[in-house]
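Notes follow the structure.
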There are 2 protein chains.
Amino acid sequence: MKKYTIKDIAEQAGVSKGTVDRVIHKRGKVSQKALEKVTKILEEIDYKPNPIAQSLKNNKVYLICVVLPDPKEDNFWIPCVDGVNQAIEEFRSFLVDIKLFFYGPSSTQSFKEVNEQILKLTPDAVLLSPLFQKESINAIKSFRSAGIVVSTFNSQIDLEQAVSFVGQDLYQSGRVAAKLMHTIVPDHHDIVICHFSESLSNAIHMQQKEKGFRDYFNGLKGADHTILTLSVDQADPDQSLVNFLESNNKALAFFVTTSKSYNLVEILQGLNRKNTKVIGYDLLDRNNDLLRKDKISFLIHQSPKTQTYIGLTYLIEHFLFNKEIPSKKLLPIGIVNSENLITYLEN
Amino acid sequence: MKKYTIKDIAEQAGVSKGTVDRVIHKRGKVSQKALEKVTKILEEIDYKPNPIAQSLKNNKVYLICVVLPDPKEDNFWIPCVDGVNQAIEEFRSFLVDIKLFFYGPSSTQSFKEVNEQILKLTPDAVLLSPLFQKESINAIKSFRSAGIVVSTFNSQIDLEQAVSFVGQDLYQSGRVAAKLMHTIVPDHHDIVICHFSESLSNAIHMQQKEKGFRDYFNGLKGADHTILTLSVDQADPDQSLVNFLESNNKALAFFVTTSKSYNLVEILQGLNRKNTKVIGYDLLDRNNDLLRKDKISFLIHQSPKTQTYIGLTYLIEHFLFNKEIPSKKLLPIGIVNSENLITYLEN
DNA sequence: TTGAAAGCGCTAACAC
DNA sequence: GTGTTAGCGCTTTCAA
């Protein structure tokens with residue numbers, strides 16, 4: 001298992017290392033004869049340059065900026081920060097510098113400002129969650145024209161704009177929830193899809209999930225479910241829920257499209273409504289407690305921590321070792337109940 | 001964001017790079033005075049050597065051998081081979097050489113032979129699935145005394161023998177299955193735990209899963225389930241199943257502790273038994289088909305591909321970049337239904 | 001006990 | 001067009 005070096009190839013071809021390097025990187029200034037000779041050898045041995053040596057030569061500290069909504073305002077994002085920190089820790093001794101930036105989850109203005117601030121730093125790459133469609137496309141454009149590599153996570157925006165996306169298939173995620181609901185709820189049952197939209201930016205997410213959910217039930221043969229959609233009023237979610245529930249006392253099965261299932265469950269408990277089935281998203285502490293107590297049947301895990309962690313490792317390994325960045329990575333849709341919860345929390 | 005090099009430190013301390021290196025690696029032959037000076041600086045800047053430069057210097061091809069049961073004899077292991085191949089592909093250009101070895105899943109003799117063969121190659125590390133308790137401990141001992149790093153996956157053996165284990169908590173996995181069963185099966189129901197033990201080596205696995213499963217139900221307050229255990233006769237599994245089912249026609253809910261759920265389902269279909277609920281393991285093609293057709297309610301995913309892939313990356317990054325090898329990595333227990341199946345298959 | 005120097009594989013500047 | 005050379009950060013040998 002001999003690994004060939006550029007020196008071996010140079011000797012074999014009877015040229016110098018410099019010439020071999022020129023051939024490898026197609027930098028021209030090589031005679032036809034030398035080119036052919038070297039190319040032939042390269043192909044024969046399927047030469048791959050040692051990425052470690054390449055990286056050492058290129059001793060530059062890569063700057064990567066991560067942009068996401070402030071986890072203090074929406075704790076869905078807390079694990080994303082954990083993922084970033086894990087990457088920082090893991091690559092501490094390498095030549096990478098990772099900086100975190102937060103914006104207000106409902107302020108396009110703060111999103112803009114943060115991006116302008118980052119642009120001034122001219123980082124090598126930006127990893128961002130493009131909550132706001134239009135503003136994100138603008139931001140990505142200006143990053144790219146400054147030669148900055150842009151990767152995205154969590155929110156998929158229709159684009160050839162970004163190099164890479166790490167996240168989940170939200171339509172499929174709605175189908176998963178529907179299938180679970182179908183397994184735990186008898187036929188002839190009313191099912192309620194609840195949208196808690198703390199920031200309008202989630203609208204697309206919620207729609208895709210709803211579509212998947214409804215499509216699943218529409219596709220059933222002898223199906224007979226009434227599916228309602230409830231968009232919880234942001235101004236006063238609790239009252240909005242109470243009103244709905246009091247006028248729909250047959251509603252016992254709920255699919256919450258955001259991480260707010262705890263909010264719904266607390267209201268249900270307040271109204272003393274029994275035998276409800278709730279399926280929601282995200283392993284927040286308050287959700288986890290209710291899952292353990294069987295007040296929530298299933299949570300769907302969107303792997304927020306993994307999303308940022310993987311997004312970052314793609315970038316880092318690209319810079320350090322010339323690895324290709326996958327253009328799209330859709331993570332598995334995790335189904336979580338009270339018993340496998342712990343195995344997700346420990347990872 | 002300046003990264004310090006040993007040259008910087010040497011200059012700061014007024015000594016040579018050699019001396020700094022001696023301090024860092026505690027190789028002695030350093031005067032008290034120099035030692036203190038350098039140590040102080042190292043601590044102040046929290047110096048971490050550049051692992052890329054270290055690795056480049058150490059230009060050695062690391063040999064890692066992977067030992068697992070022949071996937072032709074038990075296709076549970078096919079994805080494990082995929083995981084190995086993924087790691088090979090990903091680290092193709094680095095100085096690592098990964099070799100695969102198979103043994104007969106029910107032949108301790110072939111396990112022994114393979115290990116002897118590997119011992120002769122004196123690899124740097126071995127990653128193995130220690131199916132056979134006793135023989136594995138012996139093998140690991142001889143590897144370790146030859147200075148070979150040993151990591152394990154899939155089967156946990158009670159040991160400080162191996163450096164690392166990647167796998168799942170099987171007891172918890174049984175609990176997950178039980179919880180799922182509990183959600184989909186009415187009370188007052190007979191539940192059957194089915195052990196298909198194609199090789200005796202699985203015995204411990206199955207026991208742990210059974211224990212978790214039973215413990216879950218025993219822990220319920222107003223529970224009222226009859227749980228039977230069926231150990232399917234290896235000599236003639238089909239007949240053995242038919243006999244059992246004909247004398248237990250109340251049995252409609254089944255937990256299959258191995259990847260053979262398809263086998264049970266086919267028999268159930270042959271007997272034309274309806275309304276059965278089956279929970280099993282592993283995303284084999286035959287299981288997946290039945291999951292899609294709703295003949296299996298849930299499959300539990302043990303992430304075999306990830307197990308070998310992670311096991312290998314731990315070893316490789318340890319050798320190449322001095323990363324620490326986690327002594328135990330328990331992967332999330334995946335709950336799979338017809339809708340999130342595809343998201344697992346694509347990963 | 002210490003410093004100087006060579007070299008790992010690769011790149012890029014420079015001289016011819 | 002081509003070869004030579006210096007140097008990335010670190011380790012290790014050798015001479016002092």
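In what follows, chains carry the letters A, B, and so on, assigned in the order in which the sequence lines appear, proteins first and then strands, with residues in each chain numbered from 1.
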| query | For A/E36 and D/dG1, what is the distance between atoms CD and C1' respectively, to the nearest whole Å? | reply | 15 Å
| A/S31 side chain near D/dT2 phosphate (N/O to OP1/OP2, under 4.0 Å) | yes
| request: Inspect the surroundings of CG in B/L119 and state if more than 12 heavy atoms from other residues, nucleotides or ligands are less than 6.0 Å away. | output: yes
| request: Between protein and nucleotides 9-16 of chain D, map the contacts as a letter string: B base, S sugar-phosphate only, - none, heavy atoms under 4.0 Å, written 5' to 3'. | output: BBBB----
| task | Tell me whether the OP1 or OP2 atom of C/dT2 has a side-chain N or O from B/S16 closer than 4.0 Å. | result | no
| task | Check whether any side-chain N or O of A/D21 sits under 3.5 Å from a backbone N or O of A/I6 as a donor-acceptor pair, and report yes or no. | result | no
| Taking atom P of C/dC10 as reference, at what distance in whole Å does atom CD of A/E11 sit? | 13 Å
| task | Fit a plane to each ring of A/F321 and B/F321, take the angle between them on a 0 to 90° scale, and name the class: parallel (under 30°), tilted (30 to 60°) or perpendicular (over 60°). | result | parallel
| message | Against the six-membered ring of A/F91, is B/K323 placed for a cation-pi contact (under 6.0 Å from the centre, within 45° of the normal)? | response | yes
| field | Protein-nucleotide distance (B/K33, atom NZ; C/dG3, atom P), rounded to Å | value | 11 Å
| field | Within 45° cone of A/Y62 ring axis and under 6.0 Å: A/K60 NZ or CZ | value | yes
| Can you name the nearest heavy-atom pair linking A/S303 to A/P332, along with the distance? | OG-O, 4.4 Å
